[in-house]
Amino acid sequence: MDPARRSAGLPARFSSLGTWAVTALAAALAVGVWFLLPVEEWLRAFSAWANGLGPYGLLAFGLLFFVATLLVVPGTPLTIAGAVAFGWAVMPVVLLAATLGSWLAFFAARYLFRDRVRALIERRPAFKATVEAVGDGGWRLLTLMRLSPFVPFNAQNYALGVTEVGTPAYLISTVIGMLPGTVVCVYLGAIGRRAGGDEPTHWITLGLGLVATVAVVELTRRRVRAKLEAGRAGAGA
């Protein structure tokens with residue numbers, strides 16, 4: 001192999017290794033948090049509160065998720081907690097609340113807080129370049145960005161509001177982009193709802209789910225990075 005090509009491939013290889021290292025560290029931290037903090041008690045308490053509201057429980061959860069989306073609060077823990085409380089019934093609620101919250105954030109950034117959002121993006125050159133690249137592309141490139149697990153989903157809602165992205169393309173990419181992550185989170189929460197905390201099958205299934213999640217994250221990262229770099233290169237040409 002040509003030395004120049006070999007050296008060009010090294011950064012990508014090191015980046016991939018770094019991603020796996022960060023993912024492994026995040027998984028270790030998640031396990032540590034689970035055992036060191038009363039996470040299971042918190043989930044049970046949340047489930048008891050939500051189910052205690054009766055037929056209004058899912059509605060209350062949907063409003064909570066909607067507000068969390070607007071406040072740029074990560075939706076993963078909340079989705080898992082909702083799945084522990086309601087099982088798979090929470091999935092359409094999450095999708096609807098997240099879509100409405102994302103659209104309102106997009107609208108607010110475009111028509112109400114445009115200058116303020118632009119100023120925040122200017123402080124993050126890498127994020128600015130990525131947003132500008134997808135802002136000039138179609139809904140397919142935009143969907144890849146929405147699928148990226150390394151670009152905060154709720155932060156994208158405001159950032160994309162100051163680009164030239166059209167509302168239909170934004171909404172399509174939002175729904176498609178959030179679907180895989182939502183399915184994984186609801187799946188993990190449903191396992192916790194169904195199985196006892198100390199049953200071997202519970203831990204085996206949960207472990208397999210986490211391994212599959214890590215694999216999907218890495219594959220998605222590679223594809224998103226390649227497409228976004230191609231988009232940035234095209235924008236700079």
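The model shown is predicted, which means the values in this text are computed figures rather than measured ones.
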Non-hydrogen atoms of [X] and [Y] that approach each other most closely:
X	Y	value
V183	M91	CG2-CE, 3.2 Å
A190	W88	CB-NE1, 3.7 Å
A105	L70	N-CD2, 3.9 Å
A109	G161	CB-CA, 4.1 Å

In the structure I gave you, are the side-chain heavy atoms of [X] and [Y] within less than 4.5 Å of one another anywhere?
X	Y	value
N51	S47	yes
L78	V73	no
F86	V93	no
P74	F153	no

Worksheet entry | F46/W49 aromatic ring centres below 6.0 Å |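 Yes, close enough.
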Item to complete: Before giving the answer on side-chain contact (heavy atoms from CB on, under 4.5 Å), spell out for F65 and V90 the whole-Å C-alpha distance, their side-chain angles and the decisive distance to 0.1 Å.
Response: CA-CA 11 Å; F65 203 99; V90 82; over 6 Å; no
Do [X] and [Y] sit in the same hydrophobic cluster, where Ile, Leu, Val, Met, Phe, Trp and Tyr count as joined when their side-chain heavy atoms come under 4.5 Å apart?
X	Y	answer
L120	V162	no
V186	V175	no
L71	L100	yes

Worksheet item: More than 12 heavy atoms of other residues, nucleotides or ligands under 6.0 Å from CZ of R114: is that the case?
Response: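 Counting neighbours around CZ of R114, more than 12 heavy atoms of other residues, nucleotides or ligands fall under 6.0 Å, so yes.
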Discussion item. Show, in sequence, the C-alpha distance, side-chain angles and deciding distance for N157 and T69, and conclude whether the side-chain contact (heavy atoms from CB on, under 4.5 Å) test is met.
Written reply: CA-CA 9 Å; N157 298 331; T69 302; 3.8 Å; yes
State the [atom1]-[atom2] distance between [X] and [Y], to the nearest 0.5 angstrom.
X	Y	atom1	atom2	result
Y170	T99	OH	OG1	9.0 Å
F106	L160	CZ	CG	7.0 Å
C185	M178	SG	CE	12.0 Å
L95	T182	CG	OG1	5.0 Å
Q156	T163	CD	OG1	11.0 Å
I176	L179	CD1	CG	8.5 Å

Worksheet item: What's the verdict on side-chain contact (heavy atoms from CB on, under 4.5 Å) for W103 and T174, showing C-alpha distance, side-chain angles and the deciding distance?
Response: CA-CA 9 Å; W103 174 81; T174 296; over 6 Å; no
Discussion item. Is it the case that the side chain of Y158 and the backbone of F107 share a donor-acceptor pair, with hydrogens and angles ignored and the cut-off at 3.5 Å?
Written reply: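 No, the answer is negative, given that no donor and acceptor are paired below the 3.5 Å cut-off.
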